[in-house]
Structures are given as structure tokens and as C-alpha cells.
Amino acid sequence: MRIIISPAKKMVVDTDSFAVKDPPIFLERAERLKSALQDMSPAELQALWKCNDAIAKLNVERLSAIDLRRRLTPAILSYEGIQYQYMAPRVMETAQLDRLQEHLRILSGFYGLLRPFDGVTPYRLEMQAKLPVDGHRDLYGFWGGALARELAAETDFVLNLASKEYSRAVEPHLPKSVRFLTCTFGEWKGGKVVEKGTLCKMARGQMVRWLAEHNVTSRADIRAFDLLGYRFQPELSTESHYVFLKNNGQN
């Protein structure tokens, strides 16, 4: 099993907590993206990033000095979004971190596909960014089927806990031999399942932690997830889509 998750926009440097194990799989491609970004003006970068002046200034400064091979942070510690806060890797036991290293993969517009202890440096580049590189009009074209091929070489079962923006870079390219299971975390309102962004991120991070704590690797066992008030809903689920509802499911 491989679990795919989205990155977070907020990133930090932490070179002390855990050692980096490997360089990213697609480091050479990341170098090409770095060069393409460095060829852009600050105004062009801000338009690409769709951010305010303060965030643009910070990331322009980062980009001017970016080094993809030195002063690196393990990817699992570099991202600081809600999902990662609920995953809480800094307080995991060694065995749990080892399971994450084996099973978890972080999708990235810049690095492509990251193992938890691959060394990264702060960047800003979302997968949906329309950055023309190597004759492609955007990052979906740039990455093509590369991420899916890497995952297919590692496993025949992908558990999708990523947002649509990121899973779109993988799912269409996977061979039929690889099972792809998406989990939805929502509430039953007005006769339908309603997802809320922050709650989804919390649940995804909590599920990753739960999977590592309990060494869950089978589709059937994933249904037992019951944290943060969520329960598996068999009547709303399919073989490729598991639905978890909060607070007693359907009313």
C-alpha cells in the first residue's frame, strides 16, 4: 500500500529533529522547475503564486537563494499545514515513522513525489500552477505519468488522502492493475455528503497517524477508522470510494 497526501503551503526549516535519508526521487526535474521559476520576474512569480505582497516577497527571497542539496529538512517535518499537525510526526515512535517511510508519499508540484525522509527546502509551487516548462503548458503536463509510474512500481494499491488538485496528477495515469481508493470525510446535510476543508484536512492527518500506529495496510481494515467522530458508511461507499461521516452518519 502507498498512501498519497497533499503538501501544505506553509513550510519550515528543521535540520535538527530527524536526519534526512535520501534525495527526492525526481530531484533533477525539480532543478528544472527551479530554473524556470528563477527566470521569472517578481511580478510574474506573484501572479503565478496568487498570493499577497508579504508572501510573495518571502518566496522571492527564498527562490533567489534556494539550494536543493544543502540544509535540507525531512519532507514530513517541512510542511506545517493542519493535516501535518494532526499527523504529528514529531511525537511518533520509531516503528511508526518507519511505516510512514515505507507507505506514505507526499505529492508536490515542485518535487513530484516525496518519501517522508527525503530532504527538501521551502518552496512555493502548487500543482495547479500554470507554469510552462519543457514545452508543457502546466505542471500536470510537466509531470505527466511520471508520478503514477513510480507509484505503480512500488505497489498495486494506492490509498488516496490527497485533494483533487493533487490526486489528479496521479489517478488518470495509473494502470488498471493498481487499485485506487479515495476516502471522503464529511457530514450528512440536506440529503447529501458535505465536506468541509479544514475538517477534511484534520481527518486525513489523523488517518495517516492511525494507519501508522496500527500498521494498517489492507482495504478492509481501513474501514475501522473511527477517530474525530467519523464512522465508515458502507451504504454510501464503493470498492473505490470509502465514505466516513461525522456525528452518527445519516440523519
Side-chain angles (χ1 to χ4, degrees), residues 1-8 17-18 21-22 25 74-108 113-118 147-148 150-167 169-171 174 178-186 193 195-234 236-246 249:
M1 178 179 76
R2 292 295 182 269
I3 310 157
I4 57 172
I5 63 174
S6 305
S17 296
F18 295 114
K21 291 187 177 180
D22 298 290
I25 299 165
I76 197 70
L77 301 185
S78 186
Y79 298 105
E80 278 215 327
I82 294 171
Q83 177 178 221
Y84 293 84
Q85 293 170 23
Y86 274 76
M87 196 188 312
R90 286 180 172 82
V91 294
M92 281 187 176
E93 297 175 357
T94 300
Q96 296 163 5
L97 291 170
D98 289 343
R99 289 169 194 149
L100 285 191
Q101 178 69 3
E102 179 180 359
H103 298 293
L104 184 66
R105 298 294 179 264
I106 303 167
L107 303 177
S108 163
L113 193 70
L114 292 164
R115 295 159 296 202
F117 287 92
D118 286 354
L147 311 186
E150 178 62 30
L151 286 166
E154 296 182 13
T155 187
D156 63 358
F157 171 38
V158 174
L159 175 59
N160 175 33
L161 298 180
S163 65
K164 291 179 181 178
E165 172 192 346
Y166 283 90
S167 62
V170 171
E171 185 179 11
L174 284 172
V178 178
R179 296 166 296 166
F180 191 82
L181 173 62
T182 297
C183 287
T184 290
F185 303 94
V193 177
E195 295 181 272
K196 297 180 179 178
T198 298
L199 294 177
C200 283
K201 293 174 183 177
M202 292 163 57
R204 288 167 180 161
Q206 191 73 63
M207 178 174 270
V208 171
R209 182 175 184 83
W210 177 83
L211 292 167
E213 287 177 343
H214 297 278
N215 195 22
V216 173
T217 59
S218 76
R219 292 160 58 91
D221 290 344
I222 291 167
R223 300 170 189 168
F225 177 77
D226 62 355
L227 302 180
L228 300 179
Y230 288 97
R231 297 291 185 276
F232 176 69
Q233 305 295 314
L236 297 175
S237 300
T238 66
E239 284 297 305
S240 61
H241 186 192
Y242 282 1
V243 176
F244 296 82
L245 294 186
K246 195 174 182 66

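What you see below is based on every heavy atom in this structure, not just the backbone, and it leaves out hydrogens, waters and symmetry mates.
- Looking at every heavy atom in both residues, Leu107 comes nearest to Pro7 through O-CD, 2.9 Å.
- In summary, the aromatic rings of Phe232 and Phe225 are positioned with their centroids too far apart to meet the 6.0 Å limit.
- Between the side chain of Ser237 and the backbone N or O of Gln233, at least one donor-acceptor pair lies under 3.5 Å.
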- Stepwise, does the side chain to side chain contact (heavy atoms under 4.5 Å, CB included) test hold for Asp22 with Phe117? CA-CA 7 Å; Asp22 298 290; Phe117 287 92; over 6 Å; no
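- For the atom pair CG of Leu211 and CD of Gln206, the computed distance is 10.5 Å after rounding to the nearest 0.5 Å.
- Using a 4.5 Å cut-off on side-chain heavy atoms (C-beta onward), Ile76 and Phe18 make no contact.
- Between Pro89 and Leu97, the shortest heavy-atom distance links the atoms O-CD2, 3.6 Å.
- Note that CG of Asp226 is 7.5 Å distant from CH2 of Trp210, once rounded to the nearest 0.5 Å.
- In this structure the side chain of Ile222 reaches within 4.5 angstrom of the side chain of Val216, judged on heavy atoms.
- Residues Phe180 and Leu151 have side chains not in contact (no heavy-atom distance under 4.5 Å, counting atoms from C-beta outward).
- To the nearest 0.5 angstrom, Glu171 atom CD is 8.0 Å from Ser240 atom OG.
- Counting heavy atoms of neighbouring residues, nucleotides and ligands inside a 6.0 Å radius, atom NZ of Lys21 exceeds 12 of them.
- Minimum interatomic distance between Ala212 and Leu100 (heavy atoms only, all atoms of both residues): CB-CD2, 3.9 Å.
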- Query: Is there a side chain to side chain contact (heavy atoms under 4.5 Å, CB included) between Cys183 and Met207 once you walk through the steps?
  - Reply: CA-CA 10 Å; Cys183 287; Met207 178 174 270; 4.2 Å; yes
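- With Phe244 as the aromatic partner, Arg231 does not meet the cation-pi criteria of under 6.0 angstrom to the ring centre and within 45 degrees of the ring axis.
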- Task: Would you check, one step at a time, whether the test side chain to side chain contact (heavy atoms under 4.5 Å, CB included) holds for Tyr79 with Ser108?
- Result: CA-CA 11 Å; Tyr79 298 105; Ser108 163; 4.2 Å; yes
- Query: Does the salt bridge (Lys or Arg N to Asp or Glu O under 4.0 Å) test come out yes or no for Glu239 and Arg179, once each step is laid out?
  - Reply: CA-CA 9 Å; Glu239 284 297 305; Arg179 296 166 296 166; over 6 Å; no
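- With contacts defined as side-chain heavy-atom distances shorter than 4.5 Å, the pair Thr184/Glu195 qualifies.
- Panel note: side chain Asp118, backbone Arg115; a donor-acceptor pair is recorded below 3.5 Å.
- Distance CD/Glu80 to CD/Gln85: 7.0 Å, rounded to 0.5 Å.
- In this view, His241 satisfies the ring-ring contact (aromatic ring centres under 6.0 Å, His included) rule with no residue, not counting sequence neighbours.
- In summary, the side chains of Arg209 and Tyr86 do not present any donor paired with an acceptor at a separation below 3.5 Å, with no hydrogens or angles considered.
- Just one residue in the list Lys201, Arg204, Met87 forms a side-chain contact (heavy atoms from CB on, under 4.5 Å) with Ile5, and that residue is Met87.
- Between the side chain of Ser6 and the backbone N or O of Ser163 there is at least one donor-acceptor pair closer than 3.5 Å.
- Side-chain contact between Tyr230 and Leu245 is absent, with no heavy atoms from C-beta onward closer than 4.5 Å.
- Summarising the geometry of Leu174 relative to Ala148, their closest heavy-atom pair is CD2-O, 3.7 Å, with the distance given to 0.1 Å.
- Considering all non-hydrogen atoms of both residues, Leu161 and Gln83 come closest at O-OE1, 3.9 Å.
- The only option from Leu236, Thr238, Thr182 that meets the side-chain contact (heavy atoms from CB on, under 4.5 Å) definition with Val243 turns out to be Leu236.
- The backbone N or O of Arg2 sits nowhere less than 3.5 Å from a side-chain atom of His103 that would complete a donor-acceptor pair.
- Between Val158 and Ile4, some side-chain heavy-atom pair lies under the 4.5 Å cut-off.
- Contact annotation: the side chain of Pro116 approaches that of Arg105 to within less than 4.5 Å [non-hydrogen atoms, C-beta and beyond].
- Summarising the geometry of Ala8 relative to Gly81, their closest heavy-atom pair is CB-N, 3.4 Å, with the distance given to 0.1 Å.
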- Query: For Arg90 and Leu77, what are the C-alpha separation, side-chain angles and deciding distance, and is it a side chain to side chain contact (heavy atoms under 4.5 Å, CB included)?
  - Reply: CA-CA 8 Å; Arg90 286 180 172 82; Leu77 301 185; 3.7 Å; yes
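- Between the SG atom of Cys200 and the NZ atom of Lys246 there is a distance of 10.5 Å, given to the nearest 0.5 Å.
- Here NE2 of His214 is found 9.0 Å from CD of Gln96. Values are rounded to the nearest 0.5 Å.
- Note on Arg99 versus Glu213: no salt bridge recorded, every NZ/NE/NH1/NH2 to OD/OE distance being 4.0 Å or above.
- Contact check for Met202 versus Phe185: no side-chain heavy atoms found under the 4.5 Å cut-off.
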